[in-house]
Every structure is written in structure tokens, then in C-alpha cells.
Amino acid sequence: MDKKLLIFNWKMNLPILSEWNKAIKSSTPLFYKKRRGDIVVCPPFTHLEKVSKLIKNTKIKLGAQDVFYESKGSFTGEISATELKNLGVKYVIIGHSERRQFLGETDKIINKKVLAALKAGLKVILCVGEPKRDIKRHKKYDLRNAKNYIKKQLEKDLKGILNLKSYGLNLIIAYEPVWAIGTGKNDTPEDAAEIVKFIKKSLKLKTKNLKPMVLYGGSVNSKNIEDFAKYKKINGFLIGSASLKTKEIKNIIKAI
Ligand code: PGA
């Protein structure tokens, strides 16, 4: 199997840290020995420092769940890319659908955040995905509306960024159909792979050198991850609820 990037997004939850630590440390050495890819853990801001200490001397990387676009100043409650970097953060999730839906985060804001994070040298995981899937036609979903929706999101979120070739390597896209997040209703690996291919194609049209990794997220667990992982185009996974359960973590890593 080709390399996969596993992003564990804890959201506003915490696993029992000692158990999580034990589970991740027992399962990652083989993963890294076999060069299966990379693992990133994104705890809440309040736990970045603690988790950073836990994963010290391992190859696991630290990620944040959001970032603000200004570097400093009077922005109550916000956290800058520099502050995150000072805590050892290497990756940042931007534009997660929960922020778009519940916190009114617009494409304009997301665009500013992506630019600021890339400029600061962070790896950006930009989340895109359609809110609902159209009805089936001939036993297959019609993906045209989903593709149009995602295309528009990418255009707005990456406005003025795609031409900046030097940032290409640090840009990762996570395809997360909103209806599949936290619902237990994952997309079919076939449809997810088709959309991942579409995302790669739409980005390549803009600049030849930009070949971002594209991940899938939405109810990924240890039982379905292998079916997605078979698709070479899917470069990894953004995993929410399953990343909190020690047994799931072990099995997910084993499956990859
Ligand atoms: P889920 O969350 O795995 O619980 O569906 C994924 C995500 O929100 O990134």
C-alpha cells in the first residue's frame, strides 16, 4: 500500500490521555518502520502543549484545529500561526465544516487563514465538501452538483494562493462531505475517490507544479479505512470520533 497521511481531529473532546498515549505509542513503531506514512494529532488548543510533550521523541506530528489570520494585535480569543508554531505545531486544519456551519466562517475568512498559515510555514489541511448528496440515479449518486460545489469552494478558499507555487507542498485538501461527518454514514470509497480525483484535476489546471495531497474524511473507522485506502488517489484520512477511542486508533493504524 502507498503512504497515507492520518490526521486525528479530536475536536472539543479529550481521550483519556494516558490510555491514548499508550495506544499510539504501541502501534506507531511498525507503521513508521514500514514507512506507511505520517500521523498528525490535532488536540484542542488547551492541550497542544501537553500533547506535544507526550509525542516528543516519536515521529507523530502536532496539528491545530484552527488559526487566526493576523499575526498579532487586539483580537480577543484568537491564536496566530506564530503562536502555534512556538508550541511545536506543524499542521493546521482550516475551514472545517463545523466552523463553516456553526461559527459562520466564510470562504473569505478561510482564504485569509490559509494564506497566513502558509506564509508562516505551517502545513494547511483545507476542508471542503458538499452539504448533501443528490439522489441516486441508476443506482449511482450523481456527483455533478457535489463537484460544482467543491470547485466553487476551492476557487474562493484558495483565491490568490494557487499561483504561489512555493506554497504548493504545504497545501493539503481534505474532502469531507458534510453529510458524512460524525454521522456514521461514510461516503462510498468509489465516490470519494472520484471526487478526490476531481479535486486534484481542478487544482492542477491552475498550476502545473502544485500537486497537493487530497485526503478523505467523514465517518472513517477501522472497519472501512482499508476500502478507502485501496485507492491510490486518496492520500490519507481526516478522522474525528474514531481518533478518540484507543482500540480504534490501534486498529486504524494496523489497517494502514
Ligand atoms: P468523523 O469526523 O470521523 O467523526 O466523521 C471527521 C471530521 O470532522 O474531520
Side-chain angles (χ1 to χ4, degrees), residues 1-9 27-28 31-32 34-42 60-61 63 91-97 123-131 133 140-151 153-154 157-158 162 168-206 210-243 248-249 251-256:
M1 201 188 287
D2 46 304
K3 285 188 182 185
K4 303 289 181 193
L5 178 62
L6 298 182
I7 316 272
F8 292 149
N9 176 14
S27 34
T28 46
F31 177 86
Y32 281 109
K34 294 201 165 179
R35 295 173 189 275
R36 290 290 194 231
D38 254 316
I39 296 174
V40 180
V41 55
C42 305
I60 302 160
K61 310 266 178 353
Y91 289 76
V92 63
I93 298 172
I94 297 179
H96 191 283
S97 70
K123 285 186 189 283
V124 167
I125 304 145
L126 170 67
C127 301
V128 294
E130 79 283 5
R133 182 65 58 87
K140 269 197 91 191
Y141 281 111
D142 185 344
L143 299 180
R144 277 175 299 182
N145 282 345
K147 286 179 184 170
N148 279 337
Y149 189 91
I150 293 163
K151 193 167 169 236
Q153 273 187 324
L154 287 171
D157 297 349
L158 296 174
L162 283 176
L169 279 177
N170 279 344
L171 182 65
I172 298 159
I173 310 289
Y175 167 52
E176 294 213 298
V178 180
W179 51 270
I181 296 176
T183 57
K185 290 185 205 143
N186 58 278
D187 198 357
T188 62
E190 194 190 3
D191 283 355
E194 186 176 329
I195 299 225
V196 164
K197 188 174 155 199
F198 169 79
I199 292 174
K200 289 187 175 179
K201 214 170 118 200
S202 4
L203 292 175
K204 244 200 277 178
L205 287 177
K206 305 237 166 15
L210 188 75
K211 278 192 189 154
M213 294 173 95
V214 183
L215 322 177
Y216 168 74
S219 297
V220 173
N221 58 40
S222 64
K223 296 215 170 66
N224 59 27
I225 197 165
E226 258 181 290
D227 294 332
F228 285 99
K230 280 183 199 138
Y231 288 86
K232 219 173 163 184
K233 295 178 198 76
I234 303 179
N235 304 117
F237 303 95
L238 181 47
I239 305 170
S241 35
S243 71
E248 276 291 273
I249 295 164
N251 290 338
I252 283 170
I253 296 174
K254 220 196 270 167
I256 298 286

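Just the heavy atoms: all of them, side chains too, but no hydrogens, waters or symmetry mates, feed the values below. Predicted model only: the values in this text are computed from it and were never measured.
With values rounded to the nearest 0.5 angstrom, Leu126 atom CG is found 10.5 Å from Leu215 atom CG. Taken from CD in Glu130 to CG in Leu143, the straight-line distance is 8.0 Å, to the nearest 0.5 Å. Separation of atoms CD1 (Ile195) and NZ (Lys233) is listed at 12.5 Å; rounding is to 0.5 Å. The SG atom of Cys127 lies 5.5 Å from the CG atom of Leu238; values are rounded to the nearest 0.5 Å.
Of the possible polar contacts, none joining the Tyr149 side chain to the Val128 backbone as a donor-acceptor pair under 3.5 Å is found.
Taking 4.5 Å as the limit, some side-chain heavy atom of Ile239 sits within range of a side-chain heavy atom of Ile225. Residues Ile256 and Phe237 form a side-chain contact, since some pair of their non-hydrogen atoms from C-beta on lies under 4.5 Å apart. With a 4.5 Å cut-off on side-chain heavy atoms, Ile125 and Asn9 do not count as touching. Taking the side chain as every heavy atom from C-beta outward, Ile249 and Ile253 approach each other to under 4.5 Å. Side-chain contact between Tyr91 and Leu5 is present, with heavy atoms from C-beta onward closer than 4.5 Å.
Remark: of the listed residues Ser241, Ser222, Ser243, Ser222 is the sole one forming a side-chain hydrogen bond (donor to acceptor under 3.5 Å, both in side chains) with Glu248.
A search for side-chain contact (heavy atoms from CB on, under 4.5 Å) contacts involving Asn186 returns Tyr216, Ser219, Asn224, Phe228, not counting sequence neighbours. The salt bridge (charged side-chain N to carboxylate O under 4.0 Å, His left out) test applied to Lys123 returns no partner, not counting sequence neighbours.
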Please step through side chain to side chain contact (heavy atoms under 4.5 Å, CB included) for the pair Leu158 and Leu203, ending with a clear verdict. CA-CA 10 Å; Leu158 296 174; Leu203 292 175; 3.7 Å; yes

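When every heavy atom of Asp227 is checked against every heavy atom of Tyr231, the shortest pair comes out as O-CD1, 3.6 Å. When all heavy atoms of Asn235 and Lys232 are compared, the closest pair comes out as ND2-O, 3.8 Å. Closest approach of Lys4 to Phe31, counting heavy atoms only: O-CZ, 4.1 Å.
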